[in-house]
Amino acid sequence: AIQEPVASSDVLIVGAGIIGLAHAGLAHQAGLSVTVIDRDHRAVGASIRNFGHACITAQHGELYDLAQAGRRHWLGFADKAGFWAAEAGALVVAATETELQLLREFSDSRPPGQVTVLNAEEVRAKLGRENTNGIRGGAFLADDLRVDPRTTVGTLATWLNKQENAAVHFNTAALGFGEGTERRARVATSRGAYEADQ
């Protein structure tokens, strides 16, 4: 039997982790209606265990451009949704002269102020250590961000769910995929079928 759609939107995203919610937020910001489904009752998994440091500065090429665009989006959504995002940067410690030379070369390849090379004493002070044992120097990467993964995902999901033309449905498992009406995508779920253009 064909399930009748319980929801229809421009975009349907399976998975309310940080990547799914980021895509949902950007799609909604672009004026599209968005539905997000997730099999769990709250955000769990890699988005909670691994996310937290938004590595912006160390990216290269196309990924660097994406990371810089993503940085603006993270700060924008932090402001809108109300989750904590710190423009804390990142500290890279060099234990050898070779590592420190790589950081100098990296700094030279970037705009002024984005990567600041530090001596051993400056790294020690930033780390709050008593000595410089094992520290040759380091670098401060100014563009990196930090968020709290335990609260960011849930806060973003709650905010998105409150927006017009957006919905986040937890406890909703995707069971299968197929073609819906008018060549739309159809996802069979534990709560009925959802259809979307994308």
Side-chain angles (χ1 to χ4, degrees), residues 5-90 110 114 141-177 180 184-191 193-198:
V6 296
S8 180
S9 57
D10 296 322
V11 178
L12 173 67
I13 294 172
V14 179
I18 200 64
I19 298 299
L21 292 172
H23 281 82
L26 289 174
H28 185 264
Q29 191 170 273
L32 300 171
S33 59
V34 178
T35 302
V36 181
I37 63 170
D38 195 285
R39 68 181 177 195
D40 292 303
H41 67 282
R42 61 180 173 80
V44 296
S47 293
I48 303 300
R49 289 190 311 269
N50 302 336
F51 186 59
H53 172 210
C55 178
I56 310 297
T57 314
Q59 303 300 327
H60 181 71
E62 182 182 354
L63 291 177
Y64 176 77
D65 296 335
L66 289 171
Q68 286 293 342
R71 183 181 195 278
R72 291 187 297 276
H73 292 308
W74 281 120
L75 292 173
F77 282 119
D79 185 53
K80 292 176 189 174
F83 61 81
W84 176 78
E87 296 183 78
R110 293 305 174 97
Q114 188 182 56
L141 313 182
D143 289 350
D144 288 25
L145 304 175
R146 286 184 55 214
V147 299
D148 178 2
R150 295 179 307 278
T151 58
T152 296
V153 177
T155 302
L156 187 54
T158 299
W159 173 81
L160 189 60
N161 194 49
K162 291 178 181 176
Q163 303 309 302
E164 188 175 343
N165 295 319
V168 179
H169 299 286
F170 285 101
N171 297 315
T172 307
L175 304 175
F177 303 86
R184 301 180 91 212
R186 178 182 288 248
V187 180
T189 79
S190 56
R191 294 179 180 256
Y194 289 69
E195 286 193 357
D197 292 332
Q198 300 178 48

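Quick note: numbers below take in every heavy atom, side chains included, and nothing from hydrogens, waters or symmetry partners.
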Quick one: does any side-chain atom of [X] pair with a main-chain N or O of [Y] as donor and acceptor, under 3.5 Å?
X: Ser190; Y: Ala173; value: yes
X: Asp148; Y: Arg150; value: yes
X: Arg184; Y: Ser9; value: yes
X: Asp38; Y: Ala16; value: yes
X: Arg71; Y: Ala54; value: no
X: Asp144; Y: Ile56; value: yes

- Message: As a test of understanding, state which of Val11, Thr172, Asn161, Ile13 forms a side-chain contact (heavy atoms from CB on, under 4.5 Å) with Val36.
- Response: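 Running side-chain contact (heavy atoms from CB on, under 4.5 Å) over Val11, Thr172, Asn161, Ile13 with Val36 returns exactly one hit, Ile13.
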
Heavy atoms of other groups near [X] [atom1], more than 12 under 6.0 Å:
X: His169; atom1: NE2; value: yes
X: Lys80; atom1: NZ; value: yes
X: Arg110; atom1: CZ; value: yes

Quick one: closest heavy-atom pair of [X] and [Y], and the distance?
X: Ile37; Y: Ala174; answer: CD1-CB, 4.1 Å
X: Ala88; Y: Arg146; answer: CB-CD, 4.0 Å
X: Leu75; Y: Ala85; answer: CD2-CB, 4.4 Å
X: Ala67; Y: Cys55; answer: CB-O, 4.3 Å
X: Asn171; Y: Arg191; answer: O-NE, 2.9 Å
X: Thr155; Y: Ala81; answer: CG2-O, 3.4 Å

Separation between [atom1] of [X] and [atom2] of [Y], rounded to the nearest 0.5 Å:
X: Thr35; Y: Tyr194; atom1: OG1; atom2: OH; value: 7.0 Å
X: Leu21; Y: Trp159; atom1: CG; atom2: CH2; value: 10.5 Å
X: Thr57; Y: Leu145; atom1: OG1; atom2: CG; value: 8.5 Å
X: Phe77; Y: Leu160; atom1: CZ; atom2: CG; value: 8.0 Å
X: Gln163; Y: His28; atom1: CD; atom2: NE2; value: 5.5 Å
X: Gln59; Y: Asp143; atom1: CD; atom2: CG; value: 11.5 Å

- Considering only heavy atoms from C-beta outward, does the side chain of Trp84 approach that of Thr151 to under 4.5 Å?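 No; the side chains remain at least 4.5 Å from each other.
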
